[in-house]
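Before any comments, here is the structure.
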Amino acid sequence: MSKVMAVNAGSSSLKFKLYEMPEEKVLCSGNVERIGLEDAIFGMKWGNESEKKILPVKDHAKGVELVIQGMLEHGIVQDMNEIVAVGHRIVQGGKYFSKSELFDEDTEAKIESLIPLAPLHNKAHLVGFRAFKQILPNVVHVAVFDTAFHQTMAPEDYIFPIPKEFTEKYDCRRYGAHGTSHKFLAQEGAKYLPGVEHPRIISCHIGSGASITAIKDGKCVATSMGLTPLGGIMMGTRTGDLDPSVMNYLCKCTGISVEEMYQIFNKKSGFLGVSAVSNDSRDVLAAAAAGNKDAQLSLRLFTRRIADFIGQYFVRLGGADLIIFSAGIGENSWEAREEICKEIAPALGLSIDYEFNKTLRGKEGQISKPDSKIKVVIIPTDEEVMIARDTYAFYMK
Ligand code: ADP
């Protein structure tokens, strides 16, 4: 039995989960939020217990100390050396990483060189990693990349039709995101396809960030997010794909700078922008039910974009055996699933048990009927366990 930690470090936060591997038993989980402030929040859950403290946390190293202290204090570990490996979530692995990698100096340098492609994320991940490395110097550290799963795409699926020198000089191409989740969904989804020789899966990770991936034989062949997580389908606050002229046109019309407009496309668009209600689909659904026309339109836009991608990937895969819904909206919103399925059912030959669909919230289940040409399932995603699996595999090497 080995204790393995999965870590997700943001610029002012540190999420963690400790597993007993290979059983994948969660021993504890928690979060340090508002790092750098006098009133930072440390929260931890274990078994049926939990604690929350508000205290000054000056930096990530202090945050890591708190996490380890908490685990010792509550007897989750007797000695911090029981933790044998730490897996770190990294948003951008660029062209370098097609799988998880040992977090050595070379990996660290490459992640650093990729900061321009993910300025907020990669920088924060490195700060988190260095803080852990300082406190747990002798354990195995592994970098697990959101982009790695998508590295199997063919050039025609990841190259943008821009001048070749831009592609080559600046590595400007599609990288995708949520790869750890799509990989997990592909692995879990395989159990619905016994005896299928070359399984074709369309996985829909739809939360506040959302992406859709076409998977064949367990490998990504296409994914909706692009150079950054702004691309693809419409999201909580992000536009998804747009005609590139929209940027130029709106900057000219409004006098707003490119940088500011880019922030608007990232933070004030999507559900929030179209509905003018909220970025949270729950609020938008409630407003739509109460008759708000903009909220209704934003929901139709959202489901239409998803249906379009599913149709595109159905063609890309030469058919499909399984469609998976996952993440905040995919797991919890029967309304969104129903709308999407109704859009694609006639063309793809789906037969859906809409009554059963209504009963599924946050748990796994199959909503397609036996006569459906494609199985449709809900699988709650678990990026942390995927990080723990990859990390444990390195430890066992
Ligand atoms: P992310 O990890 O990208 O931040 P999540 O996967 O946690 O996002 O998804 C968050 C979104 O899921 C929320 O914005 C909300 O719109 C949606 N969501 C969560 N629970 C429900 C629910 N019960 N019904 C409808 N939507 C929900």
Side-chain angles (χ1 to χ4, degrees), residues 6-17 29 31 33 89-92 118 120-121 124-125 144 146-147 176-185 188 203-213 223-225 228-240 266-290 292 294-296 298-303 305-306 324-341 357-365 367 378-387:
V7 172
N8 185 356
S11 53
S12 64
S13 69
L14 203 63
K15 281 193 201 140
F16 63 92
K17 222 170 194 180
S29 64
N31 199 354
E33 292 168 83
R89 178 198 179 206
I90 309 290
V91 159
Q92 182 55 268
L120 297 178
H121 287 105
H125 300 327
V144 180
D146 275 11
T147 48
H178 296 141
T180 308
S181 172
H182 290 293
K183 182 176 168 187
F184 173 82
L185 296 173
E188 298 297 310
S203 59
C204 307
H205 174 115
I206 43 180
S208 346
S211 67
I212 306 197
T213 297
T223 194
S224 62
M225 276 177 170
T228 71
L230 180 58
I233 58 176
M234 175 190 131
M235 297 168 234
T237 60
R238 296 175 227 162
T239 57
N266 264 293
K267 296 187 178 147
K268 297 204 170 141
S269 302
F271 273 131
L272 178 63
V274 179
S275 71
V277 170
S278 169
N279 62 314
D280 191 305
S281 70
R282 284 165 288 200
D283 302 334
V284 179
L285 280 163
N292 181 319
D294 292 330
Q296 290 166 358
S298 73
L299 285 165
R300 282 203 305 276
L301 254 163
F302 180 68
T303 51
R305 296 293 176 278
I306 294 171
I324 305 171
F325 287 112
S326 193
I329 300 174
E331 290 164 29
N332 295 302
S333 171
W334 64 265
E335 298 94 331
R337 293 192 302 255
E338 182 173 309
E339 286 308 310
I340 296 162
C341 287
N357 176 49
K358 282 185 184 160
T359 67
L360 277 183
R361 171 158 291 186
K363 55 177 196 262
E364 185 162 343
I367 59 170
I378 289 122
I379 302 178
T381 195
D382 194 339
E383 287 158 291
E384 291 89 2
V385 86
M386 201 64 238
I387 293 175

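Both counts, for ligands and for their atoms, begin at 1 and track the order of listing. The analysis underlying the following values was restricted to heavy atoms, covering all of them including side chains, and did not include hydrogens, waters or symmetry mates. Just so it is clear, the structure is predicted and the values come from calculations on it, not from any experiment.
- Across every non-hydrogen atom of S11 and A124, the tightest pair is N-CB, 3.3 Å.
- Using cut-offs of 30° and 60° on the angle between ring planes, the pair H205 and H178 is parallel.
- Under the side-chain contact (heavy atoms from CB on, under 4.5 Å) test applied with R238, the options S208, S269, P229 reduce to a single match, P229.
- Nearest to atom 2 (O) of ligand 1 among the protein's heavy atoms is S208 OG, 4.9 Å.
- In terms of polar-atom proximity, S281 is counted as a contact of ligand 1, with an N or O under 3.5 Å from an N or O of the ligand.
- For atom 24 (N) of ligand 1, the closest heavy atom belonging to the protein is R282 CG, 3.5 Å.
- Counting the atoms of ligand 1 from 1 in the order shown, those under 4.0 Å from a heavy atom of S333 are 25 (C).
- Summary of contacts: the protein heavy atom closest to atom 22 (C) of ligand 1 is N332 CB, 3.3 Å.
- Near R361, meaning under 4.0 Å from one of its heavy atoms, ligand 1 places the atoms 23 (N).
- Taking distance alone, with nitrogen or oxygen atoms compared against 3.5 Å, A327 stays at or beyond that limit from ligand 1.
- Of all the heavy atoms in A288 and L299, the pair that sits closest is CB-CD1, 3.5 Å.
- Of the polar atoms of D280, at least one N or O is found under 3.5 Å from an N or O of ligand 1, judged by distance alone.
- Remark: distances from the non-hydrogen atoms of M235 to ligand 1 are all 4.0 Å or more.
- Ligand 1 has an N or O atom lying under 3.5 Å from an N or O atom of G328, backbone or side chain.
- In this structure, L185 and T213 have side chains that are not in contact, with every pair of non-hydrogen atoms separated by 4.5 Å or more.
- Taking every heavy atom of G209 and a limit of under 4.0 angstrom, the matching atoms of ligand 1 come to 3 (O).
- I387 is listed as a side-chain neighbour of T180, based on a closest heavy-atom distance under 4.5 Å.
- Residues C341 and F325 form a side-chain contact, since some pair of their non-hydrogen atoms from C-beta on lies under 4.5 Å apart.
- If you check the side chains of H182 and S211, you find a donor sitting under 3.5 Å from an acceptor.
- For the residue pair F16 and N31, the shortest heavy atom distance occurs at CE2-N, 3.4 Å.
- Residue I329 has at least one heavy-atom neighbour below 4.0 Å for each of these atoms of ligand 1: 12 (O), 16 (O), 17 (C).
- No part of E335 comes within 4.0 Å of ligand 1, judged by heavy-atom distances.
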